[in-house]
There are 2 protein chains.
Amino acid sequence: MNKASLPFLHTFVVAAKHLSFTKAAHELFLTQGAVSQQIRLLEQRLGFSLFVRYHRSLELTPMGARLALHLRHMFADLDGLIEELREERDSTIITLSVMPSFATRWLMPRLGRLQERHPGLQLRIQANDREVNFTRDRIDAAIVHSHLHSGSAYTVPLLVDHVFPVCSPAFAEQNTLQTPADLVHVPLINDDSEWRFFSPYAAWEAWLAKAQVKGVRPSRAMSFNRGDLAVQAALSGQGVALGRTPLVMDDIREGRLLKPFEQVYDNGHVYLFACPNEYRDREPIQQVLNWLQDECRRYMDEVAQ
Amino acid sequence: MNKASLPFLHTFVVAAKHLSFTKAAHELFLTQGAVSQQIRLLEQRLGFSLFVRYHRSLELTPMGARLALHLRHMFADLDGLIEELREERDSTIITLSVMPSFATRWLMPRLGRLQERHPGLQLRIQANDREVNFTRDRIDAAIVHSHLHSGSAYTVPLLVDHVFPVCSPAFAEQNTLQTPADLVHVPLINDDSEWRFFSPYAAWEAWLAKAQVKGVRPSRAMSFNRGDLAVQAALSGQGVALGRTPLVMDDIREGRLLKPFEQVYDNGHVYLFACPNEYRDREPIQQVLNWLQDECRRYMDEVAQ
DNA sequence: GTTTTTGGATTAGCTGAACTAATGCAAGAG
DNA sequence: CTCTTGCATTAGTTCAGCTAATCCAAAAAC
C-alpha cells in the first residue's frame, strides 16, 4: 500500500467510529466533503470498498470492519509507545547497569557520597550479568568489563583490575602460605561467573600459570557463580579466593582480608563507564560520571598507598 | 501524536534501516533534503530525537531504535492485513455458514444440482452452531434460523419449519401409536441443540403442550445435541423423535420414516438466507441464492403433494 | 598537506495533493 | 408536500512538503 495514504487511514477510523462522514469531519476539523473524498480515494487505492453507502447512512463492509478494528489497535499501540518514549525522555531517574559483584562490593559502600553530593539525583542500580544493550533494555548507562558489544557508545575507562589470592587472617594463621606452591594444601575458592560453561576454573588456571606454580589442581576448588560470593567465602575463612582489586581492597585495608603472596597480575580487565552517545550530555549522566571518576581517583590513591 | 506526520514515520523506518538519509531518499524517490527535513520535523513533533548526527554518519538513539522496531512490525502487519483483504475480494470461493443438522439432512442431498447448474462455482460449507457474525468471521453468506443478531444484513426467507413426531416404520409396527397420549409408553428422542442449558427438553414440552397431552415426562428421552443425530436415531428405530420438516421430509417421502399422528405445529421458525448488504449483488452470491430459492420451491411442492 | 569526495543541513521558491465552499440529490421526518 | 439531513461531486484555492542549489565539515585519496 502507498504510504502516502496513511493519514487517510486515520480519517477512516474516525469515520468508522461514527459511521458518519459529517461527524468525523467535525471531529477532525475538516469539511464533510474532505472526508468523503479521502474515503473514496482510500477505497480506490486499497482496491476494495470500506463502506456501503445508503440514503443518508453508512455501513461498514466486512472488510472495512476488519480493517477498522486492526487500525484502532494499531493507532492505540503507536500512541502508547510514543507516550512512553516521551515519559522516558522526561524521566529524571537514571538506570545504571552494573555487574552484581562490583555493585555489592565496590559501588554500594560508595553510593552514600553520591547522594550527599546530588541529593536530588534518582539512581536505579540494575545488577545483572546480561550483555549490555542500550537499544533493547531501558538502561541509561552501564559499568562494563573491558568491551561493549552493542554498537557505538560513549565510553570512559574507570579502573583497571588486578588479580591475586586472598584469605582471612585467621585462615592464614592456621595454614602455611609462604609461596604460591603452598596452595596445593589448602581449599581454593573459585569464581566462575565469567567463563562458566567453557572453562569454569580459567581464573585460577591463568593466575597459577602466571605465577609458574605447577601441580595445583584448581578443579578441587569450591565454586561460586558470583565474584562477591567467592570473596564472602574467603572472608569467612573457607579458603583462598582469587580477588579482584575493586572487590577486595576495602576489606584488605580494614584488615578483614590479607594477601598471602606478593604476586599480583594485571589481567587486562578495565572497568568502563558506558552510555549511549546521545545521553552523554544529559546532566544527571554527567553527575554520575563525574562522581564515579572522583571515587575512582580516591580509590586509586588508597590502593597506591 | 499528530496523524498528519504518519507518512514521516514510514520515511523514518526506511532511514533507520539504511542509517542514511541519502540511501533512504533514493529508495523513496525523494531528495536527500526532503528526508532530512521530514526527520527534523518528525523529531520536533514527537518531542525527542531519533538520530544522533555525526560527521557524515547517523546513529539511532535508544528511543529511535525502539520506535523503528515497533514501526517495522506495524507496517508489516498492516501490509499483511491489506493483502489478505485484497485476496478475499478476489476470491471466487463462497463460504456459506449453515446449522449442521440442516447442512447434512437438507443441503447435502441437493448440492449436486448446484454443481450441475454452475460447474465453476466454488462453495465452501461451514457447518456450526455459532451465532453468525459477518464482521468477525470470514463468511460470505449464511442460512440462519429466524433472526440475525449481527447488524444489518440482506435477508431472504427461504422456508418455514414445522414440527411433529416421527419414527421408523418398524418401530411403529412394534408399538401402539394411535394418539399422542401413547407417547407415554415409548422411548422419546430429543434434540437439545437449541436450548441446551436453559431448558433441554423445551422442544418436546412445547409440542406436547400444543397437542394437549398430559403425563408424558420428556425428560426420560434420550437426547442429542444435534438435530440430525436425533433423526438418525429415529431412522434406526430407537424411538420417536421430533422432526423438523426440512430434516425429515426426504425420509418420509422415501418411506424410511413415518408420521404416526396428524398433529403438525408451526413453531414459528423461518430459515433465512443472509449475507452482508454489500455482497448482495456479487454474482456467485446471486447464483447460490437463486438456486436455494429454486430448491425451496421444489421442496415446498413435494411437501404439499 | 592538499584535494576530492561524501553525506547531512539549510534555504528559497515551487507545485500539486488535499482542502473548502457551494451545489446537487434523494430519503425520511414533520 | 415541504423541510431537513447527510453523502457525492466539482471548481477553485492554498499551504505542506518537495526540489534544487548551496553550504559545511569529516574522511578518503593522492
Side-chain angles (χ1 to χ4, degrees), chain A residues 1-46 48-61 64-65 68 151-152 154 277-278 280, chain B residues 1-61 64-65 68 151-152 154 277-278 280-281:
Chain A
M1 210 239 339
N2 183 4
K3 292 304 180 296
S5 353
L6 277 166
F8 289 9
L9 292 176
H10 180 236
T11 303
F12 166 59
V13 171
V14 177
K17 182 177 75 183
H18 294 301
L19 283 179
S20 154
F21 292 172
T22 308
K23 285 181 192 155
H26 193 251
E27 175 172 337
L28 296 165
F29 300 104
L30 292 174
T31 55
Q32 169 271 131
V35 175
S36 173
Q37 279 184 79
Q38 282 198 23
I39 302 295
R40 185 164 40 80
L41 279 171
L42 184 60
E43 288 177 320
Q44 213 173 82
R45 292 176 196 178
L46 288 172
F48 51 86
S49 58
L50 300 166
F51 290 103
V52 195
R53 276 87 165 163
Y54 296 106
H55 1 252
R56 348 176 251 163
S57 74
L58 295 172
E59 190 192 8
L60 280 165
T61 64
S152 60
Y154 173 60
N277 274 304
E278 218 236 335
R280 181 173 170 170
Chain B
M1 209 239 340
N2 181 3
K3 293 304 180 296
S5 359
L6 277 166
F8 290 8
L9 291 175
H10 181 236
T11 303
F12 166 59
V13 170
V14 177
K17 184 177 73 183
H18 294 301
L19 284 177
S20 154
F21 291 174
T22 308
K23 284 182 192 155
H26 193 251
E27 177 172 336
L28 296 165
F29 300 103
L30 293 175
T31 56
Q32 171 270 128
V35 174
S36 174
Q37 280 184 78
Q38 283 199 21
I39 301 295
R40 185 163 41 80
L41 279 171
L42 184 60
E43 288 177 320
Q44 216 172 82
R45 291 176 196 179
L46 289 172
F48 51 85
S49 58
L50 300 166
F51 289 103
V52 195
R53 276 84 164 167
Y54 295 107
H55 357 255
R56 351 178 249 164
S57 74
L58 296 172
E59 191 192 8
L60 280 165
T61 64
S152 60
Y154 173 61
N277 274 304
E278 216 235 339
R280 180 172 172 173
D281 298 320

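Chain identifiers are assigned alphabetically (A, B, ...) following the order of the sequence lines, protein sequences preceding nucleic acid strands; residue numbering begins at 1 within each chain.
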Practice item. Go through C:dT11, D:dC7, C:dT20 for me and flag the one nearest to the A:F21 side chain. Key: D:dC7
Check your understanding: When you measure from the side chain of A:Q32, which nucleotide among C:dC19, C:dA18, D:dC7 comes out closest?
Key -> D:dC7
Practice item. Work out which heavy atom in A:F51 is nearest to a heavy atom in A:L58; give both atom names and the distance. Key: CD2-CB, 4.1 Å
Exercise for review: Could you check whether B:S20 gets within reach of a base, just the sugar-phosphate, or nothing at all, counting any heavy atom under 4.0 Å?
Suggested key: sugar-phosphate
Review point. Is the backbone of A:F8 close enough, under 3.5 Å, to the side chain of A:S5 for a donor and an acceptor to pair up by distance?
Key: no
**Study point:** Interatomic distance where NE2 belongs to B:H26 and P belongs to D:dC18 [whole Å]
**Key:** 17 Å
Practice item. Output, in order, the C-alpha distance, side-chain angles, deciding distance and verdict of side chain to side chain contact (heavy atoms under 4.5 Å, CB included) for B:I39 and B:R53. Key: CA-CA 12 Å; B:I39 301 295; B:R53 276 84 164 167; 3.7 Å; yes
Study note, to complete from the structure: To the nearest angstrom, the CZ-P distance between A:F29 and C:dT20 comes to 12 Å
**Study point:** B:H10 backbone acceptor or donor facing B:Q38 side chain under 3.5 Å
**Key:** no
Exercise for review: Identify which nucleotide among C:dA18, C:dC19, C:dA12 has an atom closest to any side-chain atom of A:R45, counting heavy atoms from C-beta outward.
Suggested key: C:dA18
Exercise for review: Name the nucleic acid region contacted by B:T22, choosing base, sugar-phosphate or nothing; use a 4.0 angstrom heavy-atom cut-off, strictly under.
Suggested key: sugar-phosphate
Check your understanding: Roughly how many Å is it from CZ in A:F12 to P in D:dC7, rounded to a whole number?
Key -> 15 Å
Check your understanding: Base, sugar-phosphate, or nothing: which does B:L41 touch, judged by heavy atoms less than 4.0 Å apart?
Key -> nothing
**Study point:** A:F51 CZ to D:dG6 P, straight-line distance once rounded to whole Å
**Key:** 15 Å
Exercise for review: Select base, sugar-phosphate, or nothing to describe what A:Q38 touches, counting heavy atoms under 4.0 Å on all strands.
Suggested key: sugar-phosphate
Practice item. Indicate whether OP1 or OP2 belonging to D:dC7 is found under 4.0 Å from a side-chain N or O atom of A:S36. Key: no
Practice item. Please check the phosphate of C:dA9 (OP1 and OP2 only) for any side-chain N or O of B:R53 closer than 4.0 Å. Key: yes
